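Everything on this sheet refers to the single structure shown next.
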Amino acid sequence: MTIRTRFAPSPTGFLHIGGARTALYCYLEARRRGGEFILRIEDTDQERSTQVSIDAILDAMEWLGLDYDEGPFYQSQRIHRYRHAAEELVQSGHAYRCWCSKERLDSMREAQMAAGEKPRYDGRCREHPEAIAGVTPVIRFRNPQAGVVVFNDKVRGRIEIANAEMDDLILWRSDDFPTYNFAVVIDDIDMRITDVIRGEDHINNTPRQINIYHALGATPPSFAHLPMIHGADGAKLSKRHGAVNVMQYRDDGYLPHALLNYIARLGWSHGDQEIFSREELRTLFKVDDVNRAPSRFDFDKLAWLNQHYLKTDPPESVAAHLLWQLRELDFDLARGPAPVDVVVALRDRVKTLKEMAERARIWYLDLEGFEPAAAARHLVAAAVPGLQSARGQLAAIAPAQWSSTTVDVALHAAAESLGLALGKVAQPLRVAMTGTQVSPSIEHTVFLVGQTRALERIDQALAHISAVPA
RNA sequence: GCUCCCAUCGUCUAGCGGUCCAGGACGUCGCCCUCUCACGGCGAAAACAGGGGUUCAAUUCCCCUUGGGAGUACCA
């Protein structure tokens with residue numbers, strides 16, 4: 001039998017981190033076992049589902065590279081199928097119509113809570129069905145009243161819940177739509193899902209669903225319930241913890257595979273290994289190895305992983321992602337260095353692509369003057385010989401030979417000719433090139449400014465020095 | 001309230017009865033390298049929630065307490 005997993009988000013918002021991890025685990029489990037991964041949009045809530053959300057989820061899946069073999073399927077297009085199935089259950093006696101009003105249900109629930117009981121449907125229409133004119137009935141599942149439902153959760157082990165704890169849930173609403181617990185079961189049966197992997201918030205639904213499987217004469221799939229992901233403070237992940245929306249991570253400058261690696265490792269491990277390529281994940285990930293405890297999202301570790309990939313990925317591939325950020329900042333790419341050279345100069349110094357793009361400003365835009373503190377310290381009379389010597393050496397490089405290597409040679413020659421340590425020349429030059437005291441190594445900084453502009457900026461620095469009263 | 005789930009360094013985790021005065025990683029703190037900032041290298045501090053059992057032996061098994069979380073909808 002072919003293994004089939006599915007990711008089934010409801011389109012009531014963007015794809016968040018927890019959902020992304022669920023999708024990833026479903027995808028990986030299917031891949032490892034040579035199975036199929038299906039995407040299904042659970043849009044039976046007419047009130048809250050939106051097309052914007054559907055698009056957002058699809059975009060995020062694509063950005064993460066979680067490709068699905070089938071779908072997306074939409075529950076809203078399968079309504080007739082659910083209606084048919086509900087009717088069958090009524091015929092077979094596994095379900096019944098219920099005319100109880102919401103008002104009666106609400107007040108009953110309130111009374112039960114007040115009495116310290118578990119709120120539940122009292123079964124009036126189960127025992128004494130009585131049609132009420134003008135009221136559209138719902139269809140309720142006739143849940144077994146005795147015995148226990150036991151299932152073996154792939155991550156939690158044996159879970160047991162007594163049928164006495166469950167009441168008769170609604171399968172079919174009066175607005176002529178199915179409820180979640182009913183639609184999932186029908187879909188998972190129809191789509192031949194063998195492994196249901198979902199968030200732990202569904203544990204309590206599972207025994208009810210298993211009962212529905214049995215009523216339908218179907219065999220339940222295997223289940224795996226994943227722990228939740230919390231914010232750094234242990235509370236539910238929310239905006240104030242940083243990004244919840246997966247696409248926010250692209251905007252913030254993270255590589256998709258860095259996020260994937262981080263998220264895979266959050267709640268799952270393979271010995272002491274921290275770095276996993278997508279291919280490794282596809283062969284190593286086992287949902288059975290997922291941890292049971294909830295975990296907290298650690299932005300520092302994500303940042304570390306992101307930088308790891310910035311440093312070790314081929315510069316060309318990083319450059320492709322950097323390009324997106326550069327365009328966001330509206331830089332004129334024709335007026336600056338090739339993005340791949342920017343990657344090489346900055347990848348050891350930044351955690352994100354966004355930071356990289358912002359720091360590349362000095363190579364794409366004109367300087368906005370020298371920082372007062374930097375100028376006061378380095379653009380002084382004593383720096384003039386070094387700057388002039390550097391200017392001479394840099395000017396002597398044939399334009400076609402201009403590279404970080406030839407710049408490096410030129411600057412060492414400039415320092416040596418004056419008997420100075422490289423630092424004595426490099427720091428004033430750095431201020432001349434960037435207006436600040438911090439930048440990548442001096443040869444890259446100068447190289448990326450470009451020969452013509454580099455000479456201009458040295459001249460500006462020299463002019464600045466002579467303009468300041470000694 | 002009731003039901004279910006969870007519990008190793010600040011964080012992510014290894015551990016599946018003796019190999020653990022508990023290992024790795026991020027972060028933190030030192031030192032080294034160095035043209036700034038970083039990268040890198042080396043090193044340090046840092047945890048089995050508490051209490052009962054079971055056992056010759058518990059971080060590992062069971063129970064309770066405490067503390068988290070989820071569910072309890074004509075939401076998913």
Side-chain angles (χ1 to χ4, degrees), chain A residues 8-12 42-45 47-49 75 98 100-102 105-106 109 112-120 136-140 153 155-156 159-162 164-167 169-181 183-184 198-207 225 227-228 230 232 234-236 262 265-275 291-305 307 311 346-351 359 374 378 411-412 415 421-431 434 436-443 445:
Chain A
S10 64
T12 54
E42 309 219 319
D43 55 351
T44 51
D45 186 340
E47 297 289 305
R48 303 193 301 152
S49 298
Q75 289 190 324
C98 170
C100 294
S101 71
K102 270 181 203 170
L105 264 21
D106 287 344
R109 210 170 359 250
Q112 287 167 332
M113 295 270 264
E117 292 165 35
K118 184 170 184 161
R120 55 191 306 144
T136 313
V138 300
I139 294 176
R140 281 185 187 273
D153 194 279
V155 345
R156 280 153 216 279
I159 293 178
E160 202 179 302
I161 297 182
E165 294 299 330
M166 298 178 249
D167 63 356
L169 78 162
I170 292 173
L171 305 178
W172 195 259
R173 310 194 295 214
S174 53
D175 67 357
D176 226 22
F177 263 74
T179 56
Y180 162 77
N181 277 300
V184 242
R198 69 215 324 188
E200 118 190 310
D201 46 330
H202 289 288
I203 286 187
N204 290 288
N205 289 325
T206 305
H225 289 96
M228 313 250 74
H230 296 143
K236 204 171 168 186
Y262 176 72
R265 196 62 201 12
L266 193 62
W268 171 81
S269 62
H270 180 71
D272 286 338
Q273 189 171 346
E274 297 287 351
I275 307 295
N291 219 65
R292 284 193 287 265
S295 45
R296 301 185 184 201
F297 199 94
D298 182 357
F299 286 91
D300 285 331
K301 191 156 185 179
L302 203 217
W304 169 74
L305 266 172
Q307 189 184 35
K311 286 187 303 193
L346 282 168
R347 60 182 170 177
D348 285 342
R349 297 159 219 278
V350 297
K351 302 285 194 197
R359 292 244 236 148
H378 294 291
L411 295 181
H412 272 95
L422 182 61
K424 296 290 180 195
V425 176
Q427 272 311 89
L429 192 54
R430 174 168 280 117
V431 177
T434 71
T436 74
Q437 302 184 68
V438 176
S439 83
S441 63
I442 194 65
E443 72 274 17
T445 303

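Treat the numbers as computed from the prediction; the structure is a model and nothing was measured. In what follows, chains are A, B, ... by sequence order, proteins preceding strands, each numbered from 1.
A14(B) is unpaired under the Watson-Crick or G-U wobble criterion, no partner having all donor-acceptor distances under 3.5 Å. The partner of A70(B) is U3(B), by the rule that a Watson-Crick or G-U pair needs both atom distances under 3.5 Å. Across all strands shown, the partner of C42(B) is G30(B), judged by Watson-Crick or G-U wobble contacts whose two distances both fall under 3.5 Å. For U60(B), there is no paired nucleotide, since no Watson-Crick or G-U wobble pair has both relevant distances below 3.5 Å.
Inter-residue side-chain proximity for Arg156(A) and Pro227(A) is flagged as met; some heavy-atom pair is nearer than 4.5 Å. Counting heavy atoms from C-beta outward, Lys301(A) and Arg265(A) have side chains that approach closer than 4.5 Å. Ile159(A) is not listed as a side-chain neighbour of Thr206(A), based on a closest heavy-atom distance of 4.5 Å or more.
A76(B) atom C1' lies 6 Å from atom OH of Tyr180(A), rounded to whole Å. For the pair Met113(A) CE and U72(B) P, the interatomic distance rounds to 11 Å; values are reported in whole Å. Following rounding to the nearest Å, Lys351(A) (NZ) and C37(B) (P) show an atom-to-atom distance of 15 Å. Straight-line distance from the CG atom of Asp348(A) to the C1' atom of G40(B): 9 Å, rounded to whole Å. A76(B) atom P lies 17 Å from atom CG of Asn204(A), rounded to whole Å. Atom-to-atom, CZ of Arg265(A) to P of U13(B) comes out at 7 Å; the value is rounded to the nearest Å.
In this structure, the separation between CG on Leu422(A) and OG on Ser441(A) is 10.0 Å, given to the nearest 0.5 Å. Here the CD1-OG1 distance, from Ile170(A) to Thr179(A), works out to 7.5 Å after rounding to the nearest 0.5 Å.
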- [ ] Begin with the C-alpha distance, continue with both residues' side-chain angles, and end with the deciding distance and a verdict on side-chain contact (heavy atoms from CB on, under 4.5 Å) for Trp304(A) and Glu274(A).
- [x] CA-CA 11 Å; Trp304(A) 169 74; Glu274(A) 297 287 351; 4.3 Å; yes

- [ ] Could you give me the CA-CA distance, side-chain angles and deciding distance for Ile161(A) and Met166(A), then say whether side-chain contact (heavy atoms from CB on, under 4.5 Å) is met?
- [x] CA-CA 9 Å; Ile161(A) 297 182; Met166(A) 298 178 249; 4.2 Å; yes

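One finds a side-chain N or O of Ser269(A) lying less than 4.0 angstrom from the OP1 or OP2 phosphate oxygen of A14(B). Taking side-chain N and O atoms only, Asn205(A) has no distance below 4.0 Å to OP1 or OP2 of C75(B). The phosphate of A76(B) has OP1 or OP2 within less than 4.0 Å of a side-chain N or O from Arg173(A).
Within 4.0 Å (heavy atoms only), Thr44(A) reaches sugar-phosphate atoms of the nucleic acid but no base atom. Residue Arg48(A) is classed as a base contact, given a heavy-atom separation below 4.0 Å to a base. Within 4.0 Å (heavy atoms only), Lys311(A) reaches sugar-phosphate atoms of the nucleic acid but no base atom. Among the atoms of the strands shown, base atoms are found under 4.0 Å from some heavy atom of Glu274(A). Among the protein residues, Gly267(A) comes within range of the sugar-phosphate backbone only, with heavy atoms under 4.0 Å from sugar or phosphate atoms but none that close to a base. Across all strands, Gln112(A) comes closer than 4.0 Å to no nucleic acid atom at all (heavy-atom distances). Among the protein residues, Leu422(A) comes within range of the nucleic acid bases, having at least one heavy atom under 4.0 Å from a base atom. Across all strands shown, Pro227(A) has no heavy atoms under 4.0 Å from either base or sugar-phosphate atoms. Residue contacts for His225(A): at a heavy-atom cut-off of 4.0 Å it reaches no nucleic acid atom on any strand shown. Looking at heavy-atom distances under 4.0 Å, Ile442(A) makes contact with a base. Nucleic acid contact class of Pro294(A) (heavy atoms, under 4.0 Å, all strands): sugar-phosphate only. Across all strands shown, Arg109(A) has heavy atoms under 4.0 Å from sugar-phosphate atoms exclusively, and none from any base. As judged by a 4.0 angstrom heavy-atom cut-off over every strand, Asp167(A) is placed among residues making no nucleic acid contact.
Across Tyr262(A) and Arg296(A), no two heavy atoms sit closer than the pair OH-O, 3.8 Å. Taking every heavy atom of both residues into account, Glu200(A) and His225(A) meet most closely at CA-CB, 4.0 Å.
On the C1' atoms, C12(B) is 13 Å away from A47(B), given to the nearest whole Å. Nucleotides G41(B) and A46(B) have their P atoms positioned 24 Å apart, rounded to a whole Å. The separation of C21(B) from G68(B), taken at their P atoms, amounts to 33 Å, rounded to a whole angstrom. Comparing the same atom, C1', in A70(B) and in C74(B) gives a spacing of 22 Å after rounding to whole Å. Remark: the separation of the C1' atoms in U72(B) and C29(B) is 48 Å, to the nearest Å. Distance check on atom P: G51(B) versus C37(B) gives 49 Å, rounded to whole Å. Using P as the reference atom, U65(B) and G24(B) are 37 Å apart when rounded to the nearest Å.
Counting atom types as modelled, Arg430(A) pairs a side-chain N or O with a base atom of U36(B) as donor and acceptor under 3.5 Å. Side chain Glu200(A) to base G69(B): no donor-acceptor pair is found below 3.5 Å. Asp272(A) contributes a side-chain N or O that forms a donor-acceptor pair with the base of G23(B) under 3.5 Å. In terms of polar N and O atoms assigned as donor or acceptor, the side chain of Glu443(A) comes within less than 3.5 Å of the base of C35(B) in a complementary pairing. For C37(B), the base has no donor-acceptor partner in the side chain of Ser439(A) [N/O atoms by modelled type, under 3.5 angstrom]. Residue side chain Arg292(A) does not reach the base of C6(B) through any donor-acceptor N/O pair under 3.5 Å, judged by distance alone. Between the base of C5(B) and the side chain of Arg156(A) there is no donor-acceptor pair shorter than 3.5 Å.
The side chain of Lys118(A) approaches G1(B) more closely than any other nucleotide in the set C74(B), G1(B), C12(B). Ranking C26(B), A76(B), A38(B) by closeness to the Ser10(A) side chain, first place goes to A76(B). Nearest to the side-chain atoms of Ile159(A) among the listed nucleotides C74(B), C5(B), A38(B) stands C5(B). Considering only the side chain of Thr179(A), C75(B) comes nearest among C12(B), U72(B), C75(B). Of the candidate nucleotides A14(B), G1(B), C26(B), C26(B) has the atom lying nearest to any side-chain atom of Trp304(A). For Arg349(A), taking side-chain heavy atoms from C-beta onward, the closest of the listed nucleotides A38(B), C74(B), U3(B) is A38(B). With distances taken from any side-chain atom of Lys102(A) to the nucleotides A38(B), G1(B), C74(B), the minimum falls on C74(B). Minimum atom distance to the side chain of Ser174(A) is reached by C74(B), of the listed C39(B), C74(B), A25(B).
In this structure, C5(B) shows a glycosidic angle more than 90 degrees from zero, which is the anti conformation.
Between Arg120(A) and Glu165(A) there is no salt bridge, since no side-chain N of the basic residue sits under 4.0 Å from a carboxylate O of the acidic one.
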